[in-house]
Chemist: 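Following this message is one structure expressed as structure tokens.
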Amino acid sequence: MPELPEVETIRRRLAPLLVGRDVTGVTVYDETVSDQSVAELRRLTTGRRVEAIQRRGKYLALDLGDVWLVIHLRMTGQLLLSRPEGARLPRMSLAFAPPRDLFFYDTRRFGRVWAVRQARLPEFFAEMGVEPLSPEFTVAALRGLLAGRRQPLKAFLLDQRRIAGVGNIYADETLFRAHLHPLRAAGTVGARSAQHLHDALVETLTLGIANAGTSVDTFVDPEGASGSFQEMLNVYQRTGQPCRVCGTPIERIVVSGRSTHFCPRCQPPRHVASRARRSSRPATSARSTVGGLRRR
DNA sequence: AGTGGCTCCTGGCGGC
DNA sequence: TGCCGCCAGGAGCCAC
């Protein structure tokens, strides 16, 4: 699932190829890709030049000056520069001049597209939290966000209204690196642990970008290339496998409805209410561990 | 404030 | 081998 590092990888790959080209066509094969009509998408985008490719959290945007064409890939969205052999129709495609095409593929069809006038961008992104790789994301800022919150750290990290761009993979990997239990209440994190959490998040996302993303599911860059961060995962989808640091089997629980992976020894349940520990659902049955074959 | 449940959607899996 | 049913998961929504 494309999270901040995957979207940033796409942004960096697309920018040199699309900036400076004009949008000449929009073809929609699946009208559920946008709440806006095809006519409106066309009217707002065609004839405009790509000034830049932007990213906000997990959103990617073609900056067309007066209008941004904003794309969220959600679970399985892919932006590809060519149509893979034997692939079925994309949900949408864009044509540019000088000639170039961009195809939006999306098996599970959760992804969405919006053409947003520049004046409305602040409103469009109003609910988005801080960019974790921006100068605004300081330890002090993080402490302010954590203060008073009772929700588990895992749920806190996934909340796009606090910090933008973190999804299930990078949340689990960040908490492992910070030696913090996913069920720990956000508000109980002190200065020292907040520093660790901050540094772990920045480090994990930066490493993700440096490795061109995590191709554990369907993620590929616009040229179809996989990332390599999946080779560096410490906990995500490693249920039952030995912790790379201490050898303890990685555990899976469900936190706020999300599968959550952690090392029970490297991430001890300090400041985790025993009630919370009990109510977190353990990994469901055989599916997760049968012969160690399944990774969920 | 926080959570659980539901929705969207489909491929891939377990179970039989 | 084949079919059924479950399930993940980002985000928005509603109920509690």
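In the text below, chain A, chain B and the rest are named by the order of the sequence lines, each starting its count at 1. Keep in mind that this is a model prediction, so the values were computed, not measured.
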Chemist: Applying side-chain hydrogen bond (donor to acceptor under 3.5 Å, both in side chains), can you list everything that pairs with A:Ser228, at least two apart in sequence or on another chain?
Modeler: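 Scan of A:Ser228 (side-chain hydrogen bond (donor to acceptor under 3.5 Å, both in side chains), adjacent residues dropped) gives A:Asn211.
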Chemist: What nucleotide, of B:dT3, C:dG10, B:dC9, holds the atom closest to the side chain of A:Arg108?
Modeler: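 Within the option list, the nearest is B:dC9.
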Chemist: Just say parallel, tilted or perpendicular for the rings of A:Trp114 and A:Phe124, cut-offs at 30° and 60°.
Modeler: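 If you compare the ring of A:Trp114 with that of A:Phe124, the planes turn out perpendicular.
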Chemist: In whole angstrom, what separates A:Tyr105's OH from B:dG11's P?
Modeler: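 In whole Å, B:dG11 P lies 15 Å from A:Tyr105 OH.
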Chemist: How long is the line joining CZ of A:Arg150 and C1' of B:dG4, in whole Å?
Modeler: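 Computing the A:Arg150:CZ to B:dG4:C1' distance gives 18 Å.
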Chemist: Quickly work out the A:Ile169 CD1 to C:dG9 P distance and round it to whole Å.
Modeler: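 For the pair A:Ile169 CD1 and C:dG9 P, the rounded distance is 9 Å.
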Chemist: Could you tell me whether the phosphate oxygens of B:dG11, OP1 or OP2, come under 4.0 Å of any side-chain nitrogen or oxygen in A:Arg88?
Modeler: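 Affirmative; the distance criterion is met.
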Chemist: Using a strict threshold of under 4.0 Å (side-chain N to carboxylate O), is an ion pair present between A:Glu173 and A:Arg177?
Modeler: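 Looking at A:Glu173 together with A:Arg177, the answer is no, because their closest N to O distance does not fall below 4.0 Å.
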Chemist: Measure CZ/A:Phe110 against C1'/B:dC6 and give the value in whole Å, please.
Modeler: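 Value for this atom pair: 12 Å.
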Chemist: OH of A:Tyr170 versus P of C:dG9: gap in Å, rounded?
Modeler: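 Taking atom P of C:dG9 as the reference, OH of A:Tyr170 is at 15 Å.
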Chemist: OP1, OP2 of C:dG9 versus side-chain N and O of A:Tyr236: anything below 4.0 Å?
Modeler: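 Yes, because at least one side-chain N or O of A:Tyr236 sits under 4.0 Å from OP1 or OP2 of C:dG9.
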Chemist: Only one of A:Arg117, A:Arg49, A:Arg48, A:Arg120 clears salt bridge (Lys or Arg N to Asp or Glu O under 4.0 Å) with A:Asp66; which?
Modeler: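 The single option meeting the salt bridge (Lys or Arg N to Asp or Glu O under 4.0 Å) with A:Asp66 is A:Arg48.
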Chemist: Nearest-Å distance, CZ (A:Arg184) to P (B:dG2)?
Modeler: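 Distance check: A:Arg184 CZ to B:dG2 P gives 16 Å.
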Chemist: What nucleic acid atoms does A:Pro2 come within less than 4.0 Å of, heavy atoms only: base, sugar-phosphate, or nothing?
Modeler: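 Nothing, no heavy atom under 4.0 Å.
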Chemist: Parallel, tilted or perpendicular, judged at 30° and 60°: which one describes the rings of A:Phe229 and A:Tyr170?
Modeler: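 A:Phe229 and A:Tyr170: parallel rings.
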Chemist: Identify each atom pair where a protein N or O and an N or O of nucleotides 11-13 of chain C are less than 3.5 Å apart, giving names and distance.
Modeler:
from: C:dA11; atom 1: OP1; to: A:His72; atom 2: NE2; distance (Å): 2.8
from: C:dA11; atom 1: OP2; to: A:Lys58; atom 2: NZ; distance (Å): 2.9
from: C:dA11; atom 1: OP2; to: A:Gln160; atom 2: NE2; distance (Å): 3.4
from: C:dA11; atom 1: N7; to: A:Arg258; atom 2: NH2; distance (Å): 3.2

Chemist: Per the atom types in the model, does the base of B:dA1 pair as donor or acceptor with the side chain of A:Arg149 at under 3.5 Å?
Modeler: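 Result: no qualifying N/O pair found.
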Chemist: Output the rounded distance in Å from CG (A:Asn168) to P (C:dG9).
Modeler: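 To the nearest whole Å, that distance equals 5 Å.
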Chemist: Check for a donor-acceptor pair, side chain of A:Glu6 on one end and backbone N or O of A:Thr214 on the other, with a separation under 3.5 Å.
Modeler: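 Present.
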Chemist: On DNA chain B, nearest-nucleotide positions of A:Arg109 versus A:Gln151: which is more 5'?
Modeler: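 It is A:Gln151 whose nearest nucleotide is closer to the 5' end.
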Chemist: Just to confirm, is there a sub-4.0 Å distance from OP1 or OP2 of B:dG2 to any side-chain nitrogen or oxygen of A:Ser256?
Modeler: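 False: A:Ser256 side-chain N/O out of range (4.0 Å or more) of B:dG2 OP1/OP2.
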Chemist: Only one of A:Arg91, A:Arg83, A:Gln78 passes side-chain hydrogen bond (donor to acceptor under 3.5 Å, both in side chains) with A:Tyr105; say which it is.
Modeler: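 With A:Tyr105 as partner, A:Arg91, A:Arg83, A:Gln78 yield a single side-chain hydrogen bond (donor to acceptor under 3.5 Å, both in side chains), made by A:Arg83.
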Chemist: Find the distance A:Gln237:CD to C:dC7:C1' and express it as a whole number of Å.
Modeler: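 These atoms are roughly 13 Å apart.
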